[in-house]
Amino acid sequence: MSDLRGIAVESLKKTQAEQELKRLAQEISAHDGLYHGDDAPEISDQAYDALRRRNGDIEARFPDLIRDDSPSKNVGAAPSTAFTKVRHAQAMLSLDNAFGDDEVSEFIARVRRFLGLAEDEAVALVAEPKIDGLSASLRYEAGKFVQGATRGDGTTGEDITANLATLFGLPKTISGAPDVLEVRGEVYMDRPAFEALNIAQEAAGKPAYINRRNAAAGSLRQLDASITGTRNLGFFAYSWGEVSDRTWDTQWDFLKQISKWKFPTNPLTKRCESLDEVLKYYADIGAKRGDLEYDIDGIVYKVDRLDWQERLGHVSHHPRWALAHKFPAEQAETKILKIEVQVGRTGAITPVARLEPVFVGGVMVSNATLHNEDNIREKDIREGDTVIIQRAGDVIPQVVEAVTEKRKGRPPKFKYPQVCPECGSAAVREEGEAVRRCTGGLICPAQRKERLRHFVSRDAFDIPGLGEKQIFQFWEEGLIKEPADIFDLERCNSLPADQGGIDPPLQDRGAEPGKRAKSVANLFAGIAARRDISLERFLYALGIRHVGQTTGRLLAQNYGSLAGFREAMTAATDPDGEAWAHLEAIDGIGPIVAQALVDFFAEGHNEKVVDDLDAALTVQDFVQPDTDSPIAGKTVVFTGSLETMTRDEAKARAQSLGAKVAGSVSKKTDLVILGPGSGSKGKKATELGIETLDEQGWLDLIGG
DNA sequence: GAGCCTCGAGTTCC
DNA sequence: CTCGAGGCTC
C-alpha cells in the first residue's frame, strides 16, 4: 500500500480515500488503546488531533465511505481538542441584511418582481425575532436524535451531538416524524442562565463571560458534554434541512408541525400580510427588546409559501426569500488615541484608529477601521477626538462620527501620508479611486510580507503550523523571502551552518527542545502535504490583482493546466490578439482583470516566482467536480420568453445544477433553450450546430 | 450609460 | 462584514 499520508484531502481519489480511512481507523484506535491503558500515549495531542481531523475531513468529502468502525463514531472516546467535521446534507445559508424600512419595502418589491406577481397580490411573510446565538442543525432518523452539528461555514460544521443531547427541552425521540428530519434553529443562553453561570465562574475563581453569545458558544463546545448540560442553554427551532417526507407547504405550517413534535419555537412569531404590518411588528418587538430574557439583534422575514421560496431560490450565500431586518447597532463613545496606517498586499494604505478601549456590542473594542482618506476628511476625524463608534453588522468596529463639541483646543487635521510609511515610495491615488496605494511594489517590505501571508492563508496554501505569526517570523529572519522558499525550508534546516544552513536549526530553539522538535516535524509534514495543490488554489495564492477565489477557479476551469494557463498569459500581450480575446471571452473577465493577469506574468520577478514554485510543486490540472446533473459544467443560453418561470429563475436553477449561463450564443455554448419569439440567437445556434431545446424539453432534462 | 450583481480586498475580536 | 470596483444586462 502506498503512503497516502502526505496527499491533500482534496486531491485524494476515491479508492485512495478508502484505503486512507482504513489506515486512520486502525491508527487512531491503536492510540486510543494506548491512551486509555496505563501506557503513555505515543504521540502528542496535536498529532492525534491531526489524525482525527484528517479522518473527519476525508469523511466529509466521501460520506459514503464512512466505515462502521470509524473513529468519528465514538466521539468523546478520546481526548480531543477538535470536533469532527460534519457535512450538511443541505447548506445552512446566511441571510441578507437590511437596516432601514425602505430596504424591507424593496425586499418585498423584489420578491414580487421575481415571481411576476400582480401589484395587489399579497405576499405573506412569517416574521420572528432573530436570536443572537449559534445556529445548529439536529438530525433525526426514524424519529431518533442521531446527530447535531454547528453551522460552521454553512457547508461543513462540527459534530456536537453529545453536547446538544444535553439540552433540556429538545426531544430525543419524536413520534410520527419522517424517516429523515433535520431541524434547524438557534441555541442561546438566556439572562438567568448567564447570571447563574457567571456567579459559578466567579466562585470557582474563573473569569466571567462578557456576553451571552460567547457564553453560549463556549458552553456548547465543551469537550465534556456533561458540562454543557449544566449551562441551561435554550433552543428555538425555525427551519429545516433534509427531510424525507415534507408534509407542510408553508413556513407557518412548519412551525405548527414542529411544535407538535415538541420543539420549542419562538412564541413571538407572527404571520404578516402587508408591509405596514411587518414594520409595525418590527417596531413592537424592538420596543420590547430590553425586556426579553434572550438577546435578539433583529427580525427575520420569510416568504411563507414554500412553492414561492423554491422559485425564488438563492444567490450565492443567501436565499432570496428571506431577510434579516437588523436593529440599529449599539453605539459607544470613546477617544482616538492615534491614527495609524497599514499597508496591504496590493499596496493599499488603510487608516486605522487606535482607541481608548470601550465596551460595545458585547466586546471590548480598541481598534476601528477608518476606511480611507475621504472618510477621514468628510467626517473630519482627528487624533485625540472623542468619537462615536459602532460595530457594523455587529462585527467590524467603525467610527461613525467625531463629537466635535468635545474637541479640546485645535488639534491639526489628519495628514494622510503621501509616501508609503514602510518603504518611502510615493503613495498615489489613481483617478476615480478611493484608495491610495504604495507604488513600491516588490521593493516594499510590507507588500512582500503581506503577499506571503496571503500565500499561506486559509483559502490558498493553508499550511498547518505556518500561519501569520510564523510566516512573519521567518520573513524577519530572512529565511523565507519568496513563496518557493517555504518548500526549501526543510532542506536548509538540515544543512550545517557553514553550508548556508539555518543557524541554529529550528528544532534547537526555545525552552523546550522536545516540544519544539515535534512542532517543527509537524510543520515540515504540513508543507510536504501541500506540494500537491489544485490549480485553482495555486492561482489564487499568487495574489494577482483582481484574482480572488472565484476568478482563480474560473481561470483554472478555462485553461485546465498551469502550463496551458501560463502559455496563454504570455501570448496575450497584444490586446488585439487571439489569446487576449480568449481571455476576455470568459464570462466574468473584462479588460481590467485581463490586463492585471498579463501584467503579472510580464513582470520578470513574478515569472521567476512561478517558475520556482512550479519546480518545487505538483500543480494539479483542473478536474471538473462530479455532479450527476446532466448540465453540470455546460454553458447554456436562454432566449425568447419562458412560460413556467421567469428568466431569472431559469438562470438560477441552471446555475444551481452546475451550469454556466451566458447571455449570447457563441461557439463555447453547449445548449440553447428556445422560448417562443426567439430571434437571432436561435438562428445562430442552428448555424453553429448547437443543441437546442424548447422549454418543456429543458424541464424534462433537469427533472422538474 | 445607468443600474444591478458579484467579486476582491481589507478589517476586528475571540 | 462592508465598501468599492469590475463586469454584465438592459
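Computation of the quantities below employed the complete heavy-atom set of this structure, encompassing side-chain atoms and omitting hydrogens, waters and symmetry-equivalent molecules. Remember, it's a predicted structure, so these values are computed and weren't measured experimentally.
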d(CG, A/Leu370; C1', C/dT2) in whole Å: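 Atom-to-atom, A/Leu370 to C/dT2, this comes out as 14 Å.
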Check: A/Ile388 main-chain N/O paired with A/Gln331 side-chain donor or acceptor under 3.5 Å: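 Answer holds: no.
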All side-chain contact (heavy atoms from CB on, under 4.5 Å) counterparts of A/Thr439, not counting sequence neighbours: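 Expected list: A/Ser425, A/Ala426, A/Val428.
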With sequence neighbours excluded, residues passing salt bridge (charged side-chain N to carboxylate O under 4.0 Å, His left out) with A/Arg545: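 Counting only residues at least two positions away or on another chain, A/Arg545 forms no salt bridge (charged side-chain N to carboxylate O under 4.0 Å, His left out).
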Under-4.0 Å side-chain N/O to phosphate OP1/OP2 contact, A/Asn367 with B/dT11: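 False: A/Asn367 side-chain N/O out of range (4.0 Å or more) of B/dT11 OP1/OP2.
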Any A/Thr346 side-chain nitrogen or oxygen under 4.0 Å from OP1 or OP2 of B/dG8: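 Negative; the distance criterion is not met.
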Sequence-distant partners of A/Asn198, side-chain contact (heavy atoms from CB on, under 4.5 Å), two or more places apart: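 By the side-chain contact (heavy atoms from CB on, under 4.5 Å) rule, A/Asn198 matches A/Phe194, A/Gln201, A/Ala208, A/Tyr209.
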Contacts of A/Pro445 that satisfy side-chain contact (heavy atoms from CB on, under 4.5 Å) - sequence neighbours left out: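 Per chain and number, A/Pro445 pairs via side-chain contact (heavy atoms from CB on, under 4.5 Å) with A/Cys423, A/Trp475.
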Pair A/Gln398-A/Thr369, side-chain donor/acceptor within less than 3.5 Å: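 Looking only at side-chain atoms, A/Thr369 and A/Gln398 do not form any donor-acceptor pair under 3.5 Å.
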Phosphate OP1/OP2 of B/dG8 contacted by A/Thr550 side-chain N/O (<4.0 Å):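 So the side-chain polar atoms of A/Thr550 do come within 4.0 Å of the phosphate oxygens OP1 or OP2 of B/dG8, strictly under.
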Length of the line joining A/Leu539:CG and B/dG8:C1', which is rounded to integer Å: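 Distance, rounded to whole Å: 16 Å.
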Of the listed nucleotides B/dC13, B/dG10, B/dT12, the one nearest the side chain of A/Arg345: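 That would be B/dG10.
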Strand contacts (DNA chain B) in residues 452-470 of chain A, 4.0 angstrom heavy-atom criterion: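 Here the set is empty: none.
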Contact nearer the 5' end of DNA chain B, comparing A/Ser366 with A/Ala348: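 Mapping each residue to its closest nucleotide by heavy atoms, the 5'-most match is A/Ala348.
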Nearest-angstrom distance from the residue atom CG of A/Leu355 to C1' of B/dC13: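 Spelled out: CG on A/Leu355 to C1' on B/dC13 is 13 Å.
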N or O in side chain of A/Thr369 less than 4.0 angstrom from C/dT2 OP1/OP2: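 So the side-chain polar atoms of A/Thr369 never come under 4.0 Å of the phosphate oxygens OP1 or OP2 of C/dT2.
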Closest-nucleotide ordering on DNA chain B, the 5'-leading residue of A/Gly543 and A/Val365: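 First, find each residue's nearest nucleotide; the 5'-ward one identifies A/Gly543.
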Whole-Å gap separating P (B/dG10) and CD (A/Glu340):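 My rounded result for the distance is 18 Å.
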A/His325/A/Phe107 under ring pair (Phe, Tyr, Trp, His ring centres under 6.0 Å): CA gap, chis, key distance, verdict: CA-CA 10 Å; A/His325 190 184; A/Phe107 164 72; over 10 Å; no
Set of salt bridge (charged side-chain N to carboxylate O under 4.0 Å, His left out) partners for A/Glu106, sequence neighbours left out: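 Partners of A/Glu106 under the salt bridge (charged side-chain N to carboxylate O under 4.0 Å, His left out) test: A/Arg113.
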Side-chain donor-acceptor distances from residues 348-363 of chain A under 3.5 Å, at least two apart:
from	atom 1	to	atom 2	distance (Å)
A/Arg354	NE	A/Glu340	OE1	2.9
A/Arg354	NH1	A/Asn367	OD1	2.7
A/Arg354	NH2	A/Glu340	OE1	3.1

side-chain contact (heavy atoms from CB on, under 4.5 Å) against A/Leu442, all qualifying residues, sequence neighbours excluded: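 Here the qualifying residues are A/Arg451, A/Glu603, A/His605.
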Which atom pairs link the protein and nucleotides 3-6 of chain C when you take only N or O atoms and keep those under 3.5 Å?
from	atom 1	to	atom 2	distance (Å)
C/dA5	OP1	A/Ala434	N	2.9

Length of the CD-P vector between A/Glu103 and C/dT2, whole Å: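 The distance from CD of A/Glu103 to P of C/dT2 comes to 10 Å, rounded to the nearest Å.
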Atom-to-atom span, OH of A/Tyr540 to P of B/dC7 - whole angstrom: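 The distance from OH of A/Tyr540 to P of B/dC7 comes to 14 Å, rounded to the nearest Å.
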Spacing of A/Ile376 atom CD1 relative to B/dT11 atom C1', expressed in whole Å: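 Rounding to the nearest Å, CD1 of A/Ile376 and C1' of B/dT11 are 14 Å apart.
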Any A/Thr350 side-chain nitrogen or oxygen under 4.0 Å from OP1 or OP2 of B/dT11: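 For B/dT11, OP1 or OP2 has a side-chain N or O of A/Thr350 closer than 4.0 Å.
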Gap between atoms CD and C1', on A/Glu450 and B/dT11 respectively (whole Å):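 Answer to the nearest Å: 11 Å.
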Phosphate contact (B/dC7 OP1 or OP2) by A/Gln549 side-chain N/O below 4.0 Å: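 Negative; the distance criterion is not met.
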